[in-house]
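Quick note on labels: first sequence line is chain A, next is B, and so on, each numbered from 1.
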There are 2 protein chains.
Amino acid sequence: MARFKGQAEYSVDSKGRTAIPAKMRLALSPDAGGTFTLTKGFEPCIYVYPLDQWKIKEDEYGRLNTNNRDARHLVRMILMWAEEVSLDGQGRISLPKALSDYAGIGDKVLIIGAMDRIELWNPERFADYLQDHTDDQETLAEKVMGS
Amino acid sequence: MARFKGQAEYSVDSKGRTAIPAKMRLALSPDAGGTFTLTKGFEPCIYVYPLDQWKIKEDEYGRLNTNNRDARHLVRMILMWAEEVSLDGQGRISLPKALSDYAGIGDKVLIIGAMDRIELWNPERFADYLQDHTDDQETLAEKVMGS
DNA sequence: GGAAGACTCCCCACTTTTCCCCACACAAAC
DNA sequence: GTTTGTGTGGGGAAAAGTGGGGAGTCTTCC
């Protein structure tokens, strides 16, 4: 499984393209073949899954009970935003307009490695997000990872 | 498991590189292969984990459920600061800008061996830290290891 | 149906940063 | 006093990030 980490602030050019940091490209599994699925983040950002990771997610959604109203809605909401993109010769991807609008991404993007996915943020929105989530990391770790 | 100890004040050159003391390099396990993961300390410093130690931590984070809001936040907060670096031919590593900014490290760095990790401090900040934590060691030992 | 415009790819080119290697100074060891 | 190892500094090649041109496709409007 790919393990993305680190952060970087990159620019988005006039054609809506942004580079994926070389370190993250190196962390890609060969199965992903330079292809990603972009989708709407739960937070106001874009989630970028390498193809192999996305397949796993997709399988999870596929196993949900379609007789359940909430499950149907969830799958609809997630898949309608999903879009497949590939790296160009310079290691860049182009951001679908619907998604960059949702995330409010202009000509700068903050790229964050978050384990199995990469996240793309508007740098200012991320600063706001941090302000709203000032929980002390130690407390959080205890809550989430327990004893 | 590697057991780092000792302290040293080294310089950081104009390219942002600093040497890892030879004694600590010798304490490295061969599994680490001269590679470290640097991350943000709970204190205002940089934590330096040899690769083998870091893998253990990373595996724990990888097992968290990404459908949980707090878990996502924790993983984001930790991994965004994590960066992998390797020793160069002279036994140095280069410090990522985001981390040396966080730790306030300029052209001098205090290197402290702390068991399974190494810590990098701005020497002045470490002095401040000591002033704010004047509990005497004997009392502390009893509190922590008492029973 | 055909032309104008937008959009998507796939290249090429420039600039900056990173990384690898060589060199020197100082200290400790023999 | 020479040798070995450690910390420090810097040059140059290679890679990474950024910007833009041009062919091909699709849409839209006359």
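Contacts of residues 84-102 of chain B with DNA chain D (heavy atom under 4.0 Å): Gln90(B), Arg92(B). Within residues 22-38 of chain A, the residues having any heavy atom closer than 4.0 Å to DNA chain D are, in order of number, Ala22(A), Arg25(A).
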Salt bridge (Lys or Arg N to Asp or Glu O under 4.0 Å) between Lys5(A) and Glu84(B), worked out: CA-CA 9 Å; Lys5(A) 50 180 171 287; Glu84(B) 222 170 271; 3.3 Å; yes
Before you tell me yes or no, could you show the steps for Arg76(B) and Tyr129(A) under side chain to side chain donor-acceptor pair (under 3.5 Å), namely the whole-Å CA-CA distance, both residues' side-chain angles and the distance that decides it to 0.1 Å? CA-CA 12 Å; Arg76(B) 192 175 293 130; Tyr129(A) 165 82; 2.5 Å; yes
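Using a 4.0 Å cut-off between charged nitrogen and carboxylate oxygen, Asp132(A) and Arg125(A) do not count as a salt-bridge pair. Salt bridge present: Asp101(B) and Lys97(B) bring a charged side-chain N and a carboxylate O closer than 4.0 Å.
Of the candidates dT6(D), dC21(C), dG19(D), the closest approach to any side-chain atom of Asp13(A) belongs to dG19(D). Set against dG19(D), dG9(D), dC20(C), the side chain of Lys15(B) has dC20(C) as its closest nucleotide. Closest approach to the Ala19(B) side chain among dC21(C), dT8(D), dG19(D) is made by dT8(D) (side chain taken as heavy atoms from C-beta onward).
One interatomic measurement links the two molecules: CD1 of Ile111(A) to P of dA16(D), which rounds to 15 Å at whole-angstrom precision.
Residues Ser29(A) and Asp52(A) have side chains that bring a donor and an acceptor to within less than 3.5 angstrom of each other.
In summary, of the residues considered (Thr18(A), Asp13(A), Val12(A)), a side chain to side chain contact (heavy atoms under 4.5 Å, CB included) with Lys15(A) occurs for Asp13(A) alone.
Each of Tyr10(B) and Arg17(B) has a nearest nucleotide on DNA chain D; the 5'-most of these lies closest to Tyr10(B).
Listed by chain and number, the residues in a side chain to side chain contact (heavy atoms under 4.5 Å, CB included) with Lys23(A) are Glu83(B) (sequence neighbours excluded).
When atom types are taken as modelled, the side chain of Arg72(A) and the backbone of Thr66(A) share a donor-acceptor pair closer than 3.5 angstrom.
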